[in-house]
Amino acid sequence: MTYIDAVMRGIRIDKKLLAPEEQERLKGIIRELLILLRCPGNIWKGAPGDPDKEEPRNWDGGCDECWAQEMEVRK
């Protein structure tokens, strides 16, 4: 599961309040805003962009690249 898929799984939209097409539009807006405004490292410790991570951030690929990475399985 990618970082963006994981965070989107945690977002619930009340299906009684919005039509299905509006639900999908809203999910798309939330997804884009997350990618543009946040790093996965701001949400998960050890994820790309985590300020406490020892390795330097990779700014070459942009935010889409970090959010599209598969999450590391924690043991």
Side-chain angles (χ1 to χ4, degrees):
M1 174 181 314
T2 64
Y3 287 102
I4 193 66
D5 292 336
V7 77
M8 290 304 293
R9 278 184 70 184
I11 297 171
R12 301 288 180 247
I13 297 173
D14 190 336
K15 294 178 180 182
K16 294 178 186 175
L17 294 176
L18 300 169
E21 59 274 0
E22 195 59 28
Q23 293 172 37
E24 290 306 311
R25 190 176 80 77
L26 185 56
K27 284 181 187 177
I29 291 168
I30 293 168
R31 183 182 190 97
E32 289 301 313
L33 285 173
L34 279 168
I35 291 170
L36 290 172
L37 301 175
R38 304 291 290 178
C39 267
N42 296 129
I43 299 171
W44 292 282
K45 189 163 185 65
D50 180 355
D52 295 331
K53 203 171 182 182
E54 290 182 23
E55 60 192 66
R57 294 180 186 181
N58 177 9
W59 294 105
D60 296 288
C63 294
D64 287 335
E65 189 175 299
C66 287
W67 279 105
Q69 290 181 34
E70 290 293 317
M71 293 182 72
E72 295 177 22
V73 178
R74 295 181 134 184
K75 295 181 181 179

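- Closest non-hydrogen pair, I35 versus C63, comes out as O-CB, 3.2 Å.
- The minimum heavy-atom distance linking R31 with D5 is given by the pair NH2-OD1, 3.6 Å.
- Contact detail for P48 and Q69: the closest heavy-atom pair is CG-OE1, 3.4 Å.
- Judged as a side-chain contact (heavy atoms from CB on, under 4.5 Å), and not counting sequence neighbours, the contacts of I30 are M8, I11, L26, L34.
- Hydrophobic cluster membership for L36: I29, L33, L37 (Ile, Leu, Val, Met, Phe, Trp, Tyr linked by side-chain heavy atoms under 4.5 Å, directly or transitively).
- Below 30°, between 30° and 60°, or above 60°: for W44 and W67 the angle between ring planes is above 60°, a perpendicular geometry.
- Listed by chain and residue number, D14 satisfy the side-chain contact (heavy atoms from CB on, under 4.5 Å) test with L17 (two or more places apart in sequence, or in another chain).
- Across every non-hydrogen atom of E70 and Y3, the tightest pair is O-CE1, 3.8 Å.
- Atom CZ of R12 is separated from atom NZ of K27 by 8.5 Å, given to the nearest 0.5 angstrom.
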